[in-house]
Amino acid sequence: MRPGTHRRRWVLVRLLLVAVVLAAAGCDRPPQPAPPADAATPTPTGPRAPADVVLLSEVDPSIVVDIRYAGPHNFVGRPVDGYDEPLCLLTRTAAEALRRVQDAARAQRLSLRVYDCYRPQRAADEFVRWAKDPAAQQMKAEFYPRVAKSKLFADGYLGAPTAHSRGSTLDLTLEPRPAPPRASYAPGRPLVACTDPADRRFADGSLDMGTGFDCFDPLAHTADTRVTGTARTNRELLKRLMGDCGFVNYDREWWHYRYADEPYPDTYFDFPVARASLPR
C-alpha cells in the first residue's frame, strides 16, 4: 500500500460521517453566524460551475423564479453582466434546503419567490462600476428614493465581493397560493418608490414585506421598528421558515439569506448564469 493511503481513507471516512450527520439533522440545524463581508479575497473561477451546482427548478419546480438582474427591472435598469439566462443556480446543499423551506411554505398555502441566487463576480464588478457613475440614476425613484447613490456601498446595500458569488446565498420573498395577478414591467413606465405602501408599489404578487425587493433604504432593514402589522408578520414568517432550514438573514435586507453550511465559504465564482455553465 502506498504511503498516505491510510490517511486518505481516514479523511474520506470522516467526511462521509459528517455528511450523514448533516443529512439527518434536516431543518433542525442551528444557523451559524455569518462571516464578515470582507472575510476573503475573491478568487474568480472559469466558465464552468463545480459539479454540485444545480438548477433550482430541477430540485423544486414549484418555487417561483423571477431573476431581476436578467432583465431591465432592477436598480441599474438593464440586464446585468453574467446573467445570460433568467435562472436560479445554487449549490445542491442550498437548493435542497430551500426545497424543505418550500415544503413548509406550501403547508401554509404560500410559495417562495426567488429574485436572485448565484451571482457571478463579473456582475458584482459591474455594480461597482455603476456605483461610480453619478449620472446613471434612471431607477433611483423606485429603488433608492431616499438614499444617496454615493452611500449605497458604505451603508451596506451593495457589496463586492458578495456572498451571492459563493453559490449558497439568495434573495427571495413569499407569495400566496393561488398566485394573485402580477404586474408586468415595461422600461420607461412611471416608477413608484419601493418605500411606498403596498397598494402603490410595483405589484409582483408577493406578500407585503413593508418595502419592495432591492429597496435600498433603512425601512428594508429586517428588524426596522417602523414596519408593523401584516408586513412585520410576513417578515418574521419568512425569517422563521428560512432559519428553521439553516439559512441566515442579512439584517439590512429582509430578502437576503445565506445557507449557513455553505460548501464554498472562501470561493467567489465567475461562471455565467446559464445552463451551459452547469456540469454535463
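Not measured: the values here are computed from a predicted model.
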For this session: Kindly determine whether His73 and Phe143 satisfy ring pair (Phe, Tyr, Trp, His ring centres under 6.0 Å), including the steps that lead there.
Result: CA-CA 10 Å; His73 191 204; Phe143 292 98; 5.7 Å; yes

Can a donor-acceptor pair be found, under 3.5 Å and without considering hydrogens, that links the side chain of [X] to the backbone of [Y]?
X	Y	value
Glu85	Val273	no
Lys151	Asp155	no
Asn74	Gly71	yes

For this session: Show the numbers, then the answer: is there a side-chain hydrogen bond (donor to acceptor under 3.5 Å, both in side chains) between Arg166 and Tyr268?
Result: CA-CA 5 Å; Arg166 303 197 297 258; Tyr268 296 79; 2.9 Å; yes

Exercise. Apart from Val59 itself, what residues make up its hydrophobic cluster, given side-chain heavy atom links below 4.5 Å?
Worked result: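 For the cluster that includes Val59, the remaining residues are Val54.
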
Heavy-atom pair with the smallest gap, counting every atom of [X] and [Y]:
X	Y	answer
Cys194	Pro145	SG-CD, 4.0 Å
Ala274	Asp84	CB-CB, 4.0 Å
Pro86	Ile67	C-CG1, 3.7 Å
Arg48	Leu278	NH2-O, 2.7 Å
Cys245	Arg100	SG-CB, 3.8 Å
Gln138	Val76	NE2-O, 3.3 Å

For this session: Apply side-chain hydrogen bond (donor to acceptor under 3.5 Å, both in side chains) to Thr222 and Asp251, showing your working.
Result: CA-CA 5 Å; Thr222 308; Asp251 61 3; over 6 Å; no

Are [Y] and [X] co-members of a hydrophobic cluster defined by side-chain heavy atoms under 4.5 Å apart?
X	Y	answer
Phe153	Met139	yes
Tyr118	Leu87	yes
Val64	Tyr185	no
Tyr157	Tyr257	yes
Val114	Leu207	yes

Exercise. Are Tyr264 and Phe269 an aromatic pair by the rule of ring centers under 6.0 Å?
Worked result: yes

Exercise. Mind checking whether Phe75 and Trp130 have ring centres under 6.0 Å apart?
Worked result: yes

Side chain to side chain, [X] and [Y], heavy atoms closer than 4.5 Å:
X	Y	answer
Phe127	Arg119	yes
Val80	Arg68	no
Leu89	Leu56	no

For this session: If the plane angle is over 60° it's perpendicular, under 30° parallel, otherwise tilted; pick one for Tyr83 and Tyr69.
Result: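 Rings of Tyr83 and Tyr69: perpendicular, as their planes differ by over 60°.
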
Exercise. Can you say whether the rings of Tyr115 and Phe213 are parallel (under 30°), tilted (30 to 60°) or perpendicular (over 60°)?
Worked result: parallel

With a 4.0 Å cut-off, would you call [X] and [Y] a salt bridge?
X	Y	answer
Arg240	Glu236	no
Arg146	Asp217	yes
Glu126	Arg78	yes

Scan the side chains in residues 168-176 for donor-acceptor partners under 3.5 Å anywhere in the protein, sequence neighbours excluded, and list what turns up.
residue : atom : partner : partner atom : Å
Ser168  : OG   : Thr91   : OG1          : 2.7
Asp171  : OD1  : His164  : NE2          : 3.2
Asp171  : OD2  : His164  : NE2          : 3.4
Glu175  : OE1  : Arg113  : NH1          : 2.7
Glu175  : OE1  : Arg182  : NH2          : 3.3
Glu175  : OE2  : Arg177  : NH1          : 2.8
Glu175  : OE2  : Arg177  : NH2          : 3.3
Glu175  : OE2  : Arg182  : NH2          : 2.6

Exercise. Could you walk me through whether Gln102 and Ser111 pass the side-chain hydrogen bond (donor to acceptor under 3.5 Å, both in side chains) check?
Worked result: CA-CA 6 Å; Gln102 176 74 340; Ser111 173; 3.1 Å; yes

